[in-house]
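As structure tokens, the structure follows; a few thoughts come after it.
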2 protein chains.
Amino acid sequence: MTEVDQADRFARAREAQSVALIEDYVEMIGDLIAELGEARVADIAERMGVAQPTATKAVARLKREGFATSRPYRGVFLTEEGAALAERVRARHRTVVALLVAVGVPEEVAELDAEGIEHHVSEQSLKAFEQFLQGK
Amino acid sequence: MTEVDQADRFARAREAQSVALIEDYVEMIGDLIAELGEARVADIAERMGVAQPTATKAVARLKREGFATSRPYRGVFLTEEGAALAERVRARHRTVVALLVAVGVPEEVAELDAEGIEHHVSEQSLKAFEQFLQGK
DNA sequence: GATGATATATAGCCTATGCTATATTTAAAT
DNA sequence: ATTTAAATATAGCATAGGCTATATATCATC
């Protein structure tokens with residue numbers, strides 16, 4: 001059977017959390033490139049609300065995991081994989097906000113909560129959300 | 001105005017995350033006490049899917065923050081504050097699962113996703129969920 | 001009441017994310 | 001071309017959560 005105990009559920013949530021920061025940074029870098037042509041570490045730090053060395057460290061992780069590229073003292077760019085991830089994250093974010101609004105959550109609150117919720121929404125839930133939104 | 005920029009949103013999500021583990025442990029300890037009369041560290045560790053020293057460390061944090069009490073080599077208990085938190089968390093969990101199911105997410109998936117989602121659902125969203133569920 | 005099994009605690013390590021302070025590089029301005 | 005300002009990198013520290021290995025305490029049993 002589909003034996004999924006509580007320990008597995010928590011393990012899943014922990015895993016989702018470890019991916020969450022990557023997703024946030026990748027999406028944000030995508031935004032900055034779209035808006036400004038490039039993503040500077042200083043801008044990333046400001047938008048993420050962290051100190052600049054924290055952003056630098058995050059970028060190092062993104063590079064290590066193949067989502068971004070950069071050269072010292074230069075802007076940050078997304079790999080193909082990074083860009084694809086950014087697009088997926090962006091779409092999921094929109095869907096989550098739309099669903100929250102659809103069930104009566106005020107727009108502003110929906111944006112706030114979605115930032116945390118989205119990372120825990122599985123593909124299956126996302127599909128359900130989309131169908132629900134269509135059938136309205 | 002209600003000036004809430006993206007950095008604030010991420011800060012909020014980070015804060016929610018730091019509270020999440022506390023909530024999970026407190027809820028689980030509440031469950032164990034309800035089921036078995038007391039919460040042993042070994043049982044907590046098993047259900048959380050972590051090693052026993054990890055659970056011990058978590059309990060130390062709960063004690064430090066006033067949610068639990070325990071004496072060496074004895075079971076763990078909740079303070080009044082801890083019990084109240086456990087009840088709130090449990091209720092929120094039920095509501096989140098119910099909402100997911102209501103918008104078409106399969107029961108099993110809803111349980112899985114709720115474990116991560118619930119910690120990011122604000123009071124306002126929760127209220128909206130409840131109203132939505134009633135109005136069905 | 002001594003002994004062996006079980007449960008809990010402690011020590012020590014790792015990784016991730018945050019920070020401040022400071023060095024280094026790039027870019028701008030005189 | 002120097003000098004200065006701004007951006008980025010690096011060093012070093014803290015906390016949180018995870019782990020394994022091991023010490024210590026409790027409990028059950030003989």
Side-chain angles (χ1 to χ4, degrees), chain A residues 6-26 28-29 32-33 36-77 115-116 119, chain B residues 6-26 28-29 32-33 36-77 115-116 119:
Chain A
Q6 198 151 14
D8 290 335
R9 289 208 289 276
F10 286 125
R12 236 180 76 102
R14 281 196 297 270
E15 169 59 22
Q17 196 48 42
S18 103
V19 176
L21 255 210
I22 288 184
E23 292 182 342
D24 285 338
Y25 274 100
V26 162
M28 166 138 313
I29 291 169
L32 285 168
I33 292 172
L36 311 174
E38 71 172 344
R40 311 299 304 263
V41 168
D43 296 332
I44 296 169
E46 193 199 331
R47 292 225 189 163
M48 290 295 295
V50 299
Q52 167 259 309
T54 301
T56 299
K57 217 183 261 190
V59 169
R61 184 177 165 203
L62 294 185
K63 291 170 72 172
R64 184 157 27 99
E65 304 198 12
F67 295 111
T69 59
S70 77
R71 296 197 334 277
Y73 296 97
R74 285 289 134 80
V76 179
F77 297 91
E115 205 61 67
H119 303 291
Chain B
Q6 197 150 13
D8 291 334
R9 290 207 289 276
F10 286 125
R12 235 180 75 103
R14 281 195 298 272
E15 169 60 21
Q17 195 49 40
S18 102
V19 176
L21 256 209
I22 288 184
E23 293 182 341
D24 285 338
Y25 274 100
V26 162
M28 166 138 314
I29 291 168
L32 286 168
I33 291 173
L36 310 175
E38 70 172 344
R40 310 299 303 261
V41 168
D43 296 332
I44 296 169
E46 192 200 330
R47 292 225 188 161
M48 290 296 295
V50 299
Q52 168 259 309
T54 301
T56 299
K57 216 185 264 190
V59 169
R61 186 176 164 204
L62 295 186
K63 290 170 73 172
R64 184 157 26 98
E65 305 199 11
F67 296 110
T69 60
S70 77
R71 298 198 332 277
Y73 295 97
R74 285 288 136 80
V76 180
F77 297 92
E115 204 61 67
H119 303 290

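Predicted, not measured: the structure shown is a model, and the values here were computed from it. So that the names make sense, note that chain A is the first sequence line, chain B the second, and so on, each numbered from 1.
Rounding to whole angstrom units, CD1 of residue B/Ile22 and P of D/dT15 are separated by 16 Å. The separation between B/Tyr73 atom OH and D/dT24 atom P is 8 Å, rounded to whole Å. Rounded to an integer number of Å, the gap from B/Gln52 CD to D/dT24 P is 15 Å.
Near DNA chain D, meaning a heavy atom under 4.0 Å away, the residues from residues 36-50 of chain A are A/Arg40, A/Val41, A/Ala42. If you check residues 55-66 of chain A against DNA chain C, the residues with a heavy atom closer than 4.0 Å are A/Lys57, A/Arg61, A/Arg64, listed by number.
Remark: B/Ile44 CD1 to B/Asp24 CG distance equals 12.5 Å, nearest 0.5 Å. From A/Tyr25, atom OH reaches atom CG of A/Leu32 across 12.0 Å, with rounding to the nearest 0.5 Å.
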Kindly indicate, with the supporting measurements, whether the criterion side-chain contact (heavy atoms from CB on, under 4.5 Å) is fulfilled by B/Asp43 and B/Glu38.
-> CA-CA 10 Å; B/Asp43 296 332; B/Glu38 70 172 344; over 6 Å; no
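Considering every non-hydrogen atom in both B/His119 and B/Ala16, the closest pair reads O-CB, 3.6 Å. In this structure, B/Val76 and B/Ile33 approach most closely via the heavy-atom pair O-CD1, 3.8 Å. When all heavy atoms of B/Gly75 and B/Ser70 are compared, the closest pair comes out as O-CB, 3.4 Å.
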Could you go through residues 46-54 of chain B and list every donor-acceptor pair under 3.5 Å that involves a side-chain atom there, pairing it with any protein atom two or more places apart or in another chain?
from    : atom 1 : to      : atom 2 : distance (Å)
B/Arg47 : NH1    : B/Glu35 : OE2    : 3.3
B/Arg47 : NH2    : B/Glu35 : OE1    : 2.7
B/Gln52 : NE2    : B/Thr56 : OG1    : 3.2

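Remark: A/Glu15 pairs with no residue by the salt bridge (Lys or Arg N to Asp or Glu O under 4.0 Å) rule, at least two apart or across chains. Take A/Arg61 and apply the side chain to side chain donor-acceptor pair (under 3.5 Å) test, not counting sequence neighbours, and it matches A/Glu65.
Along DNA chain C, read 5' to 3', the first and last nucleotides having any atom under 4.0 Å from a heavy atom of chain B are C/dA7 to C/dG18.
Backbone-only engagement by B/Pro72 is indicated by non-hydrogen atom pairs under 4.0 Å involving sugar-phosphate atoms exclusively.
The shortest distance between side-chain heavy atoms of A/Gln17 and B/Gln17 falls below 4.5 Å.
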